[in-house]
Every structure is written in C-alpha cells, then in structure tokens.
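Written out below as structure tokens is the structure these notes cover.
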Amino acid sequence: MRWRPAVLRSAAAGLLLLASAASAAEPREWLMMVKSRNLDPARSAEFDHWYNDIDIPDVLEVPGYGRARRGHAVTGDKPYVALYTISSPDIDKTIIAMLMASWRMDQVGRGTPLIKVTERLYYRRAGKGARDAGAAKPTYLYLHRSAGVSAGAMRGVVDAGLAGSAVPYDIYQVLMHDPVTVPKQLVLFELSADSDAAAAETVRRIQQRLGGTGGCGADCETLYRLVRDVEG
C-alpha cells in the first residue's frame, strides 16, 4: 500500500510521541482497515495480483500482523477493502513499524501506481462479540459502522443464523492525508451465502434487527465478497 512521504513523516512523528509514553501491557487485538480503488479497471488482473501476491504477504511480515482478509464490494464506488488482524501490546509502535515497512516496500519497487487509498483506519477490539462454532466457512464480509451496536443485538444476529460471527471494534486512529469523519464503532459480520443476491438479502435482515446506523450514511453499511483470507 502506498504512503506519501510527507504523510509518513508526520504520522510517524506523532505516533512516536504516543509510543514513548506507552507502558508494557498484554497484547490486545486490533484491526487495520484499508479501503481503496483501482485507478485503471482495465488492469484489474494486475491489480489483484499485486494486492494478493505482493502487498498482503509483505504486510503480514510486519510483527503483530497475523491475518489478512480482502473483499470486493457488491455495490458502491469504493470497491476494495483489506482487513488486517493485529496482536500487539503497543499499537502505536506497531503502526510505526507498518509505516516504515510501507516506505521500504515502495523504495524497493513493491508498490503499485494503480491503488488509490480512500480510508486507512485502526480499530481496537471492543468486546467478545458473538460466534457460531458450527457456522459454514464465510464467503462475505458485512461491515456495519455506527455509534454502537449492543452485545445482545450481535448475539441475536448470530443466534438467528444470519451471520457466523459478529466482532465489535472501536475506532482508534485515522491515518489519512485528508481527515475523514468516522463513526465510533465497526462491527464485522462474517456471512455465508451462495450469491450476491442471497448475501444482500441476509444483510437486509441484519439491518432490520440492528435498526440502521443512526444517520451514518450508505458507506457505513457495506457488503463485500470475500476474495482472500490468509494467516501470517
């Protein structure tokens, strides 16, 4: 993933101040979410090869990064998302390590001019969420961003068989050149469906249970077809 040098310097400087004051702690679970576009749709095969076979393996080499999932939006103008699960006792130092690794990737020619990053956010896990141990392997990801979904509502979605899991996260850090307004909570639902239409119908039923996003907007409820899921 490409970072502008000025953004790298300013972000790293600010995070160094936070990291220097951090105390030792047990590892916590975090999530890095990167939304992006392919600037040349005619080169989609090249873009997918770079993301799946170059960028994701490089990112998973960064200490703490343990899982990568990549999805393609079923609808909308922000088609790609990459979700990286992180285990770290000091997320600020981990973010700095990612910034430096990204800079090195570009220096050795492992970046691409095809990507346009539209959001780069870090979240902290905010609770146990809910999981169905017997659920089928997920084929879709539904990202629901809002002011807050209760643990009971997440449990209800899973118990109703609408999702295999529901994991809540709270926003921690927004690393963008142009600031964006981000709702406090992200709930990541894993769904299993045979088609986009079936997955969209499941999302409609989930939305009915959750009661919407509180005016957050269309981009705060996004359904992605899961195209990559790898462990580091």
Side-chain angles (χ1 to χ4, degrees), residues 1-22 24 27-73 77-124 141 169 171-180 182 186 224 226-232:
M1 60 194 63
R2 306 188 74 196
W3 300 72
R4 297 178 184 176
V7 176
L8 277 170
R9 288 193 297 269
S10 61
L15 288 168
L16 277 169
L17 294 175
L18 293 172
S20 64
R28 294 184 59 180
E29 182 179 318
W30 309 82
L31 188 77
M32 183 176 81
M33 180 177 80
V34 181
K35 288 192 174 186
S36 64
R37 295 190 184 98
N38 173 11
L39 294 177
D40 187 353
R43 298 166 67 185
S44 59
E46 178 183 346
F47 180 78
D48 287 340
H49 165 70
W50 171 80
Y51 223 137
N52 293 337
D53 301 325
I54 297 175
D55 192 60
I56 284 178
D58 282 354
V59 172
L60 290 177
E61 289 295 321
V62 179
Y65 281 71
R67 183 184 184 186
R69 282 169 286 182
R70 182 168 172 252
H72 191 288
D77 64 348
K78 296 181 179 179
Y80 298 102
V81 71
L83 303 172
Y84 300 91
T85 305
I86 303 164
S87 177
S88 173
D90 190 337
I91 190 61
D92 297 310
K93 288 183 178 179
T94 301
I95 294 174
I96 293 169
M98 181 66 246
L99 289 167
M100 296 301 100
S102 179
W103 179 80
R104 288 193 295 271
M105 292 172 205
D106 277 345
Q107 292 301 300
V108 297
R110 291 180 69 82
T112 179
L114 295 175
I115 193 169
K116 168 65 176 179
V117 174
T118 57
E119 288 186 35
R120 185 183 290 106
L121 312 174
Y122 282 85
Y123 291 88
R124 63 165 67 88
L141 303 173
Y169 297 90
I171 190 68
Y172 177 73
Q173 191 73 253
V174 180
L175 291 183
M176 294 297 299
H177 182 69
D178 299 315
V180 295
V182 181
L186 165 71
Y224 294 92
L226 183 59
V227 298
R228 188 75 167 161
D229 186 352
V230 295
E231 299 283 347

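Throughout, residue positions are numbered sequentially from 1 according to the sequence presented.
- For the atom pair CG of L31 and CZ of R69, the computed distance is 7.0 Å after rounding to the nearest 0.5 Å.
- The structure places OH of Y224 at 3.5 Å from NZ of K35, a figure rounded to the nearest 0.5 Å.
- Between R110 and D55 no salt bridge is recorded (no basic side-chain N to carboxylate O distance below 4.0 Å).
- A heavy-atom distance below 4.5 Å is found between the side chains of R67 and D229.
- When all heavy atoms of E231 and G66 are compared, the pair lying nearest together is OE1-O, 3.1 Å.
- Within the 4.5 Å cutoff, side-chain heavy atoms of R70 are placed close to those of I56.
- Distance check: L83 CG to Y123 OH gives 9.5 Å after rounding to the nearest 0.5 Å.
- Side-chain contact check for M98 versus Y84: every heavy-atom pair is 4.5 Å or farther apart.
- Looking at R104 and D58, no side-chain N of the basic residue comes within less than 4.0 Å of a carboxylate O on the acidic one, giving no salt bridge.
- Atom-to-atom distance recorded for M32:CE and T94:OG1 is 11.0 Å, nearest 0.5 angstrom.
- Within the 4.5 Å cutoff, the side chain of R28 has no heavy atoms near those of the I91 side chain.
- Of the inter-residue distances, the one linking S87 atom OG with W30 atom CH2 reads 10.5 Å to the nearest 0.5 angstrom.
- The CG atom of L99 sits 6.0 Å away from the CG atom of L175 when rounded to the nearest 0.5 Å.
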Under the salt bridge (Lys or Arg N to Asp or Glu O under 4.0 Å) rule, what do D48 and R228 come out as? Steps first, then yes or no, please. CA-CA 10 Å; D48 287 340; R228 188 75 167 161; over 6 Å; no
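- Not less than 6.0 angstrom separates the ring centroid of Y51 from the ring centroid of Y80.
- The two residues G111 and D106 make their nearest non-hydrogen contact at CA-OD1, 3.4 Å.
- Side-chain contact annotation: D92 with Y172, donor-acceptor N/O pair under 3.5 Å present.
- Of all non-hydrogen atoms in N38 and S44, the two that sit nearest each other are ND2-CA, 3.6 Å.
- Contact detail for A101 and V62: the closest heavy-atom pair is CB-CG2, 3.7 Å.
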